[in-house]
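The figures here come from the full heavy-atom set of this structure, side chains too, leaving out hydrogens, waters and symmetry mates. We name chains A, B, ... by the order of the sequence lines, and we start the count at 1 in each one. Computed from a predicted structure; not experimentally measured.
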Number of protein chains: 2
Amino acid sequence: MKIATWNVNSLNVRQPQVMEWLMNEQPDVLALQELKLEQDKFPLAALQMMGWNAVWSGQKTYNGVALISRHELTDVQTGLPQMPNDPQRRVIVATVNGVRVINVYCVNGEALDSPKFAYKREWFAALTHFVRDELARYADLVLLGDFNIAPTDEDVYDPKKWHEQIHCSSEERSWFKNLLDLGLTDGLRHANPIGKFYTWWDYRGAMFEKGLGLRIDHILVSDNLIDKLQQVVVDTHTRANERPSDHAPVHADFQI
Amino acid sequence: MKIATWNVNSLNVRQPQVMEWLMNEQPDVLALQELKLEQDKFPLAALQMMGWNAVWSGQKTYNGVALISRHELTDVQTGLPQMPNDPQRRVIVATVNGVRVINVYCVNGEALDSPKFAYKREWFAALTHFVRDELARYADLVLLGDFNIAPTDEDVYDPKKWHEQIHCSSEERSWFKNLLDLGLTDGLRHANPIGKFYTWWDYRGAMFEKGLGLRIDHILVSDNLIDKLQQVVVDTHTRANERPSDHAPVHADFQI
DNA sequence: GAAACCCTCG
DNA sequence: CGAGGGTTTC
């Protein structure tokens, strides 16, 4: 079973690239973030034409998440029950092939002294409570998406420059660890304990060409599933497309 | 001698099309309107690379005119002396091969009850005085560009709909006739006394595909030069380009 | 740097 | 509809 995540930064713009990637990679589930389109603008017909099912939660301009699969997507849920009044569409959950898949587009936070950082803090607290409850119900669970957190300095091209900056602060890293402590494992680090892996490169300053990025897109795997994890791959060659997303897809392959 | 006019609606966007058109058509002069770029953003180097000279008068966002030629452009002048404080870059004049070429991007006017229509009235009065003075000095003269006036109902796809509307009002047509009365002839109508010829089609509503346009781009020829006029052509196939201007080029060929 | 919005203009 | 400008977000 292959489970993938990709922040596409506008599905309108990246739709052809997503179609091509689906047909080439044939994942069992693809989790998308930053659709940046309204709920009724999702290209369901185009996906169905190619044999894919999808569930999504969209909003105009910002955020928006989707799950795409050839299999049935059941027990679909959107949003965090702990934040019932949050208008931002950042979470969609479904069960596929017996695996609970939680797709998140976590809050960016802008800067440690920004009001958006306080929102990020509240949002991660709500996510942690939600995932704890889900793990109690579903032993086979994957939490994946754009976390907007680089878990360690090994995940940052220039740790000095990013020291206690947004995505890299010790407080954000403690939130990430809180998630792992629920009974989840960082899939990429489980498969590749050392080495530099980036999933996001700033559009500005030709950072991709210079090999300078952050690892902020993650696939976290529940204890019950971790022994079945075979490999985790960052698909960097999509970043060499004509109009690339600033994020690359990441996929995890399981022997189920 | 081939003299051409083209409202390009952004030279930034249309630069490749202008280059291609110059190389295919090899005009002696090409007059451009609606450059929509600042004075120091004109692509002179690219033109010189291909062996062309140019003079231009640019401004940010709006208006802007240029004259491009393989020959020397002398006695260059910009603006109307009768409107010395007008910041809008709508006029550039030069002598090429002994012919005085006046390139104009005339005021649109928006609607008959708009303040912009009053500006159009003043601007045409100033233009008429300027052209009268130029004709006194230069017997061989061509006044060309985007006039934003369809001279007769024959130049309009739906004269009823456009009756006394902007571009087609009797007052605007009287301004156009005032120019002719200075000793100028409408080149296209001289060469083609009857028949529908359009030079502009609204982007909205697929008007080009429906064949519905206006003839508002003109080449007016001085009495001394009119007997040498061989043909006038509207180059409609540029409107079938990938990202076309809403105007087509018009060119006049002289036996000089 | 790239995307989406709303605005003005033609 | 298509262009440019200014704004916000990441």
Side-chain angles (χ1 to χ4, degrees), chain A residues 7-15 17 33-38 41 58-64 88 90 105-111 114-117 119-120 146-149 165-167 199-210 212-214 216-217 239 241-247, chain B residues 7-15 33-38 41 58-64 88 90 105-111 114-117 119-120 146-148 165-167 199-210 212-214 216-217 239 241-247:
Chain A
N7 179 320
V8 288
N9 186 14
S10 166
L11 183 55
N12 279 329
V13 175
R14 242 63 70 187
Q15 189 185 326
Q17 294 176 50
Q33 303 88 38
E34 283 208 88
L35 306 181
K36 291 186 173 180
L37 46 78
E38 283 173 281
K41 301 274 176 66
Q59 74 179 85
K60 201 176 175 179
T61 313
Y62 301 120
N63 311 312
Q88 301 194 19
R90 297 180 172 277
Y105 171 52
C106 303
V107 176
N108 178 298
E110 194 187 17
S114 165
K116 290 173 188 164
F117 191 78
Y119 170 51
K120 188 172 189 170
D146 175 359
F147 287 69
N148 273 311
I149 298 176
Q165 297 301 303
I166 192 68
H167 309 306
T199 66
W200 171 84
W201 302 261
D202 199 315
Y203 281 125
R204 289 162 286 193
M207 297 297 266
F208 178 72
E209 288 71 17
K210 294 176 188 163
L212 307 179
L214 303 181
I216 58 178
D217 301 270
R239 187 60 219 250
N241 283 346
E242 187 110 2
R243 287 177 78 187
S245 170
D246 45 351
H247 295 252
Chain B
N7 179 320
V8 288
N9 186 16
S10 168
L11 184 55
N12 279 330
V13 174
R14 241 64 70 185
Q15 190 186 324
Q33 303 88 38
E34 284 208 87
L35 306 181
K36 291 186 173 181
L37 46 77
E38 283 173 282
K41 299 275 177 65
Q59 74 179 86
K60 200 176 175 179
T61 313
Y62 301 119
N63 311 312
Q88 302 195 20
R90 296 180 172 279
Y105 172 51
C106 303
V107 176
N108 177 295
E110 195 185 18
S114 165
K116 291 173 188 163
F117 191 78
Y119 170 51
K120 188 172 189 170
D146 176 357
F147 287 70
N148 273 310
Q165 298 301 304
I166 192 70
H167 309 306
T199 66
W200 171 83
W201 303 261
D202 201 315
Y203 282 123
R204 290 161 286 194
M207 298 297 265
F208 178 72
E209 288 71 17
K210 294 176 187 163
L212 307 179
L214 303 181
I216 57 179
D217 301 271
R239 188 58 220 250
N241 284 348
E242 188 112 359
R243 287 176 80 186
S245 169
D246 45 351
H247 295 252

Report all interatomic pairs (protein N or O, nucleotide N or O of nucleotides 5-10 of chain D) with separations under 3.5 Å.
unit_1, atom_1, unit_2, atom_2, d
D:dC10, O3', A:Asn108, ND2, 3.4

**OP:** Nearest-nucleotide wise, let me know which of A:Gly205 and A:Asn12 is further upstream toward the 5' end of DNA chain C.
**Re:** A:Gly205

**OP:** Identify, with sequence neighbours excluded, every residue that meets side chain to side chain donor-acceptor pair (under 3.5 Å) alongside B:Lys60.
**Re:** none

Subject >> Residues forming a side chain to side chain donor-acceptor pair (under 3.5 Å) with B:Asn63, sequence neighbours excluded >> reply: B:Gln59, B:Gln88, B:Arg90

Original post:
Taking only residues two or more places apart in sequence, or in another chain, which ones meet A:Glu110 in a side chain to side chain donor-acceptor pair (under 3.5 Å)?
Top reply: A:Ser114

Original post:
How long is the line joining CD of B:Glu242 and C1' of D:dC1, in whole Å?
Top reply: 16 Å

Original post:
To the nearest 0.5 Å, how far apart are SG in B:Cys106 and CG in B:Asp146?
Top reply: 7.0 Å

Original post:
So where does chain B start and stop touching DNA chain C, 5' to 3', when the test is distance under 4.0 Å to a non-hydrogen atom?
Top reply: C:dC9 to C:dG10

Original post:
Are the side chain of A:Arg14 and the backbone N or O of A:Leu35 linked by a donor-acceptor pair below 3.5 Å?
Top reply: no

Subject >> Closest non-hydrogen atom pair, B:Ala111 against B:Ile166 >> reply: N-CD1, 4.0 Å

Original post:
Do B:Lys210 side-chain atoms and B:Gly205 backbone N/O form a donor-acceptor pair below 3.5 Å?
Top reply: yes

Original post:
Which residues satisfy the side chain to side chain donor-acceptor pair (under 3.5 Å) test with B:Thr199, sequence neighbours excluded?
Top reply: B:Asp217

